[in-house]
Each structure stands twice: as structure tokens, then as C-alpha cells.
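Here is the structure we will look at, set down as C-alpha cells.
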Amino acid sequence: MKRREFNQLMLASAAGAAGWLRTIELGASEFRQSARSYTVNPARLRANLEALAQIGRDPQGGVTRVAWTRADIDGRRFVRDTLMPAARLDVRVDAAGSIIGRREGKEKLPVILFGSHIDTVPQGGIFDGALGSLAAIEILHTLAERGIVTRHPLECVIWSNEEGAHYGRGLFGSRAVVGEFEPGELDEKDEQGVHIRDAVGGIGGDLSRIKEALRKPGEIAAYLELHIEQGGVLDAADVSIGVVEGIVGIVRYQVTVTGQANHAGTTPMPDRHDALVAASQLVIAVREETVRGPGRQVGTVGKLSVHPDVPNIIPGQVELVIELRDLSMETIEGIHKRIEARAAQISAASGTRITLIPTSSHQPALSTPWVRDVIAQEAKAAGLKTLSMPSGAGHDAQMVARVAPMGMIFVPSIGGISHSPRESTRWEDAADGCEVLCRAILAIDERR
Ligand SMILES: [Zn+2]
């Protein structure tokens with residue numbers, strides 16, 4: 001049985017106990033070979049992930065630990081007061097509320113930093129962020145148990161408000177590291193009227209000292225993050241370790257198509273300037289121009305509004321948003337130019353006016369080649385297959401990359417599902433990801 005079929009069976013039969021038994025029977029001999037031997041403790045990693053999953057468990061399904069809410073505070077307390085002390089770490093909370101657990105090294109060297117986040121979207125999965133966070137603690141726990149002291153000091157970090165499901169903007173803790181905030185962001189209130197200062201204060205942060213969260217280039221020897229892929233590439237390819245090439249840049253354009261609203265019964269077809277027909281052609285053009293040429297770039301029209309949006313009126317105006325993502329800004333710019341040319345053709349042929357205005361542009365963050373190589377080598381040494389791939393989703397690593405060498409490790413998401421109660425990753429893959437992260441940290445520590 002192919003792995004994908006197995007996964008489909010898993011998903012299809014997850015509800016019934018009989019089905020569950022059957023998948024184990026069918027699947028047991030089909031499992032991909034895991035790491036040959038583990039340095040870390042996969043059973044403890046799993047137990048800790050399952051314990052954290054109970055905090056903020058949503059009666060509607062999945063887990064809801066939205067940043068800076070009660071459940072997030074409880075989850076962070078579990079990490080800070082139970083897991084990190086058990087791993088014998090010196091624990092502190094920075095001004096942005098990120099939790100940092102430190103283990104000293106033998107030499108006076110910059111820190112090797114690694115971690116992720118434990119806040120979730122509403123009804124999220126139990127692995128998104130949590131895996132990288134608890135794997136980081138597991139590694140330090142293992143080193144403490146085995147009495148291994150590295151040359152560099154090691155720090156695991158649990159970032160603050162990665163998802164942005166609260167106060168609208170994510171990557172809060174990692175943006176504090178590079179001092180990147182939107183104007184007025186540190187003076188905002190949420191829907192309940194709670195000032196951001198008090199929300200961050202609730203997890204032990206202090207916005208009046210926010211500058212103390214900054215890290216200078218040279219302070220961090222390398223930053224590593226393990227995360228679930230949140231897409232289906234690794235699962236489909238039956239590969240357990242993704243070596244992330246970088247986090248894609250994202251550019252958005254606001255598009256207005258202006259035609260002429262008119263009576264839907266009395267206006268003959270040749271005389272129409274239908275803004276929605278032109279917009280539809282443009283939506284198809286976005287897809288065609290995105291897939292023209294090689295690469296893994298993506299282009300989406302996910303938001304569209306029709307005016308006046310009435311059944312018996314020919315649409316006079318359509319507003320839509322085009323979003324393009326890729327690791328290369330040149331590729332994005334090339335697609336943008338071709339879409340503009342297509343828009344001009346559509347406009348001329350349909351008697352409408354089409355304007356494209358760039359509204360936001362986030363640069364790609366490439367991972368550091370030598371860190372990528374270390375991850376790939378250590379995965380291979382552990383007997384695991386790897387695949388180089390971009391990250392289509394944003395991560396704290398993209399911020400830290402501005403001040404430190406950066407690398408990310410992905411493990412498969414079953415069926416590519418994420419930000420959903422159905423999000424899942426096989427425990428073997430979670431353990432393999434933790435193992436590769438551990439080996440990569442030790443390899444970076446020995447690097448001269
Ligand atoms: Zn995440």
C-alpha cells in the first residue's frame with residue numbers, strides 16, 4: 001500500500017475503533033524506516049506533546065491556545081514551570097513575553113538558539129509550533145541527563161504570539177528580536193478593549209522594556225527551528241525530513257476592474273462592459289502566468305467583491321486581491337509584469353479599466369547554506385531521506401534570519417492538513433525531526 005493510501009485510510013477510519021485497529025494491522029509493515037537510533041527520547045517527547053495538547057483543548061475539536069489568552073498563559077506556565085526545570089534549564093521571560101531556557105556552554109561563544117511557538121489558531125492542531133518547542137526542550141533535557149556540555153551556550157525559545165490570531169499580527173516575539181513593529185502597534189487594544197501592554201504583561205513580558213528583547217548580529221551563532229510542513233509535499237513524496245531553503249516572499253496587489261453597471265435585461269450582450277467577466281478572465285490569467293515556467297511559485301485570488309452585487313444588474317465594478325509567493329523576488333516581479341500585460345489585453349477587449357496597486361510586500365528570508373548543509377548531512381547520518389523545499393507559510397525563523405544564520409527542518413503533515421483539528425503528524429516523523437535537530441545542534445557546536 002502506498003503511504004498516501006495509508007494516510008487516507010487513517011483519516012477515513014479515525015472515527016471507529018475497529019477501523020483504527022485495522023489501520024495498525026495494515027500499516028505496521030508499511031512504515032518508513034525511522035532514524036536508526038535515537039539520541040533524544042521519543043517517548044518523552046510524545047508524552048509532553050500529549051500533555052500540552054490537553055491545555056486549551058477545544059470542545060469543538062482541536063486545541064485553542066490563542067496568544068495571550070488564559071489557555072496560552074496556562075500552556076506557557078506548564079512549559080516554564082514544569083518542562084524547562086525538568087530539563088535543568090535557567091529560565092527567563094524576555095520583554096516580549098518569549099520564554100527562554102538556557103544551558104551554559106564550556107566556552108565564551110555566541111548562543112545556539114532553537115525553538116518555536118505554542119500559541120495556536122482557534123481550533124488548531126497539536127503539532128503546529130508545539131513540536132518544535134517541545135523538541136527543543138527535549139534536546140536540552142537529553143543533554144542534561146547524559147551530562148553532555150557543549151562549547152556554545154544553548155537556548156531554547158518559545159516565541160510570543162507567532163500566529164497573530166490575537167491583535168492581528170503574528171511573529172511578535174521574533175519581531176521584537178529585530179525591533180520591527182508597525183507604527184502604533186505597541187499601543188493597540190483588542191476587541192475587548194485590552195491594551196497590548198496588559199496582554200503581553202499577562203505572560204510575563206514588559207513593553208516598557210521592549211528594546212531589551214533585541215539581539216545584535218553576532219550574538220546568535222545559529223537559529224534552528226523544527227516545524228510541521230503544513231503542506232503535503234513531504235507526505236506525498238514519502239520523505240520524513242524537509243530541509244527548508246527559505247521562507248517565501250509575499251506580494252499583494254489590490255485590483256479594481258471598472259466597467260459599466262446596466263440593466264441585465266435590456267442591455268444586449270455585445271454592448272456590455274461587464275466588470276465581473278473581465279475580472280474572471282484576470283483570475284484565470286493569474287493562474288496561467290504563475291504556472292508559466294519552472295519553479296514552485298504560487299499565485300492566488302482569494303478575495304473578490306462585486307458591485308453592486310445584484311442579480312439583475314450587470315456588474316459595474318469588481319475589487320480583488322492578487323497574492324504571489326516565491327523564494328525569489330525576481331520571479332514574483334516577472335509574474336507581476338506578465339499579469340499586468342494580460343490585464344491590459346483584457347481591459348482593451350472588454351472595454352473596462354483595470355488598475356493593479358501593490359499593497360504589501362514581504363521579502364523572502366533564505367536559510368543559510370551552511371546550516372542547510374549541516375541539517376541535510378545529519379539527517380543522512382541518521383539514515384533519513386531529505387527533500388529541499390521552500391516554506392510557503394511564515395515562521396519566526398524569517399525574523400531571526402536578519403541577525404543570525406538560520407535553518408529550518410520540516411516533518412510531514414499527514415494529507416497536508418494544518419490549522420485544523422485534523423492536522424496530524426506521525427510520531428515517528430516527530431521523533432525523527434527532533435533527532436535531526438539534536439544532531440544538527442551538536443554538529444554546529446563542533447564546527448570551527
Ligand atoms: Zn507554526
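Indexing begins at 1, ligand by ligand and atom by atom, following the structure's order. Heads up: numbering here begins at 1 and tracks the sequence.
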After noting the C-alpha distance and the side-chain angles of Tyr38 and Thr142, does the key distance pass the side chain to side chain contact (heavy atoms under 4.5 Å, CB included) rule? CA-CA 11 Å; Tyr38 288 105; Thr142 293; over 6 Å; no
Candidate pair Val403 and Tyr223, rule side chain to side chain contact (heavy atoms under 4.5 Å, CB included), full reasoning: CA-CA 9 Å; Val403 289; Tyr223 174 73; over 6 Å; no
Taking the Zn ion (ligand 1) as the centre, how many protein N/O/S atoms fall inside a distance shorter than 2.8 Å?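 Of the protein's nitrogen, oxygen and sulfur atoms, 3 lie under 2.8 Å from the Zn ion (ligand 1).
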Closest approach of Ala144 to Arg88 (non-hydrogen atoms, all atoms of both residues):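 Closest approach of Ala144 to Arg88: O-NH1, 3.5 Å.
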Between Trp159, Trp68, Tyr167, which is the residue that forms a ring-ring contact (aromatic ring centres under 6.0 Å, His included) with Phe172?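 Output: one option passes, namely Trp68.
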Assess, by modelled atom type and distance only, whether the side chains of His166 and Asn161 contain a donor and an acceptor separated by less than 3.5 Å.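 Distance-only check fails for His166 and Asn161.
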Nearest 0.5 Å, please: how far is OG1 in Thr331 from CZ in Arg296?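 Between Arg296 CZ and Thr331 OG1, I get 11.5 Å after rounding to 0.5 Å.
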